[in-house]
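Single-structure report; data block below.
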Amino acid sequence: MPELPEAETVRRGLAEILAGTKIEGLEVFHPRTARYQNGGSAQLTQQLSGAHLDAVVRRGKFMWTLTSNGQALMMHLGMSGQFRPLAKQAGEAPVRHERARLYLSGGPAQSLSFIDQRTFGALYLSPTANTEDGAPAGCGSDSLLLPAGASHIARDLLDPHLDLVKVNQRIRKSKSPIKNVLLNQSIISGFGNIYADEALFVAGVHGARSASTLTRQQVAQILQAGIEIMERSLSRGGTSFDQLYVDVNGSAGTFADELLVYGRAGQACRECGHELSSISLNKRSHVYCANCQRPSRNLK
DNA sequence: CGAAATACCTGGAGGC
DNA sequence: TGCCTCCAGGTATTTC
Ligand SMILES: [Zn+2]
């Protein structure tokens, strides 16, 4: 499931494939992939044809590239999106789960396939505006132009312009379970179910605890754990838990075997040996160690 | 406004 | 072997 490290791995691959190229054509094989596009796949195809592409930028799990018509081409992986340069010719039948295909010139790839089993991913054009804080919109470019489609997304933990002090305060204003707050992309972006569980475990905080009951130091520990885990995962190409995630070369990430709690319910805690528990939080599973992560207060 | 519930989608896994 | 139900999850939308 693509979260920040997986999105950044893909962004780096996409940057080499897309930056400086021209879109010669576009085919959309599944209308849901263009569901956020005004006018749907017909408009997307029409407006992208002939467009020149700039750098590939990422904020949280949202990626985009600025186009020569003044918009941003948004590219979101959803939970199973993959971008693959498969050297397809126009008219060639789509491969399994291929939802859209770009035809390119001026770069290393003649085509780029968007493959997305669960169709939670999306391609669409969005207008842009300068960031309010005057800093670059995201990772991958110095441009301040932030797409409207990502304007509600907070800066992420690997963004040098993230204000950790303000984020810490904002998190502790919420009475919601801390894990729900971490998953709220308008407060802090980049976390998904995997890295939220991992960061909470490392910080020794139970995900069901109300964020407002946590100390500034505890929230700082969670955020610092998130930074370190995401950086380590990124250095290993991300987490390929179930093969739905691969990079632009089709390679899986290798961080899955370093996960401490995600997907390990019922197994022994790698810190203390206690059997890991799982509860439902926000309709998502939360795996934790009842010994290392106390529901109320915690002293390790 | 914040926050919670709901819908979307597909295929793997498990029960019978 | 086939059919059924449950589960996974990022995000936009709806509801309160
Ligand atoms: Zn433990």
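Keep in mind the model is a prediction, meaning the values are calculated, not measured.
Counting heavy-atom neighbours within 6.0 Å of A:Q217 CD, excluding the residue itself, gives a total above 12. Around CG of A:D242, the count of heavy atoms belonging to other residues, nucleotides or ligands within 6.0 Å exceeds 12.
A sub-4.0 Å separation between OP1 or OP2 of C:dG9 and a side-chain N or O of A:Y262 is present. The phosphate of B:dT10 (OP1 or OP2) has no side-chain N or O of A:H97 nearer than 4.0 angstrom. When the side-chain nitrogen and oxygen atoms of A:H152 are compared with OP1 and OP2 of C:dT11, none of them lie within a distance under 4.0 Å. The phosphate of C:dG9 has OP1 or OP2 within less than 4.0 Å of a side-chain N or O from A:S285. Note on A:S80: every side-chain N or O is 4.0 Å or more away from OP1 and OP2 of B:dT10.
To the nearest angstrom, P of C:dT11 lies 13 Å from CZ of A:R32. Here the P atom of nucleotide B:dT6 and the CG atom of A:N282 are 12 Å apart, to the nearest Å. If you measure from atom CD1 of A:I187 to atom C1' of B:dA3, you get 10 Å, rounded to the nearest angstrom. The CZ atom of A:R118 sits 9 Å away from the C1' atom of C:dC7 (whole-angstrom rounding). Straight-line distance from the CZ atom of A:R172 to the P atom of B:dG2: 17 Å, rounded to whole Å. We find that CD of A:Q243 is positioned 16 Å from P of B:dG11, with the value rounded to whole Å. Rounded to whole Å, the distance from CD1 on A:I153 to C1' on C:dA12 is 11 Å. Taking atom CG of residue A:L183 and atom C1' of nucleotide C:dA12, one finds them 16 Å apart after rounding to whole Å.
Where A:R170 and A:R284 each meet DNA chain B at their nearest nucleotide, the meeting point lying more 5' is that of A:R170. Position along DNA chain B of the nearest nucleotide to A:P177 versus A:R96 favours A:P177 as the more 5'-ward residue.
In this structure, of B:dA3, B:dT10, C:dT11, it is C:dT11 that holds the atom nearest to the side chain of A:K61. Of the listed nucleotides (B:dA4, C:dG9, C:dT11), C:dG9 has the atom at the smallest distance from the side chain of A:M79. You'll find that the side chain of A:Y36 is closest to C:dA12, out of C:dG9, C:dA12, B:dA3. Side-chain proximity of A:K283 to the nucleotides B:dG11, C:dG10, B:dT6 is greatest for B:dT6. Side-chain proximity of A:M1 to B:dA3, C:dG9, C:dT11: nearest is C:dG9.
A:R32 forms a cation-pi arrangement with A:F120, by the criterion of a distance under 6.0 Å to the ring centre and an angle within 45° of the ring axis.
A:F62 and A:M79 sit in two unconnected hydrophobic clusters of ILVMFWY residues. Membership requires side-chain heavy atoms under 4.5 Å apart, directly or through other members. Under a hydrophobic clustering in which Ile, Leu, Val, Met, Phe, Trp and Tyr are joined whenever their side-chain heavy atoms come within less than 4.5 Å, directly or via other members, A:F191 and A:Y245 fall into different clusters.
A:F191 comes within contact range of no nucleotide atom at all, as no heavy-atom separation falls under 4.0 Å. At a threshold of 4.0 angstrom between heavy atoms, the contacts of A:F241 with the nucleic acid are absent. Among the protein residues, A:S174 comes within range of the sugar-phosphate backbone only, with heavy atoms under 4.0 Å from sugar or phosphate atoms but none that close to a base.
Residue ring and base: A:F120 does not count as stacked with C:dG10 (centre distance below 5.5 Å and interplanar angle below 30° not both satisfied).
Between A:F114 and A:F83, the ring planes lie tilted relative to each other; the angle falls in the 30° to 60° range.
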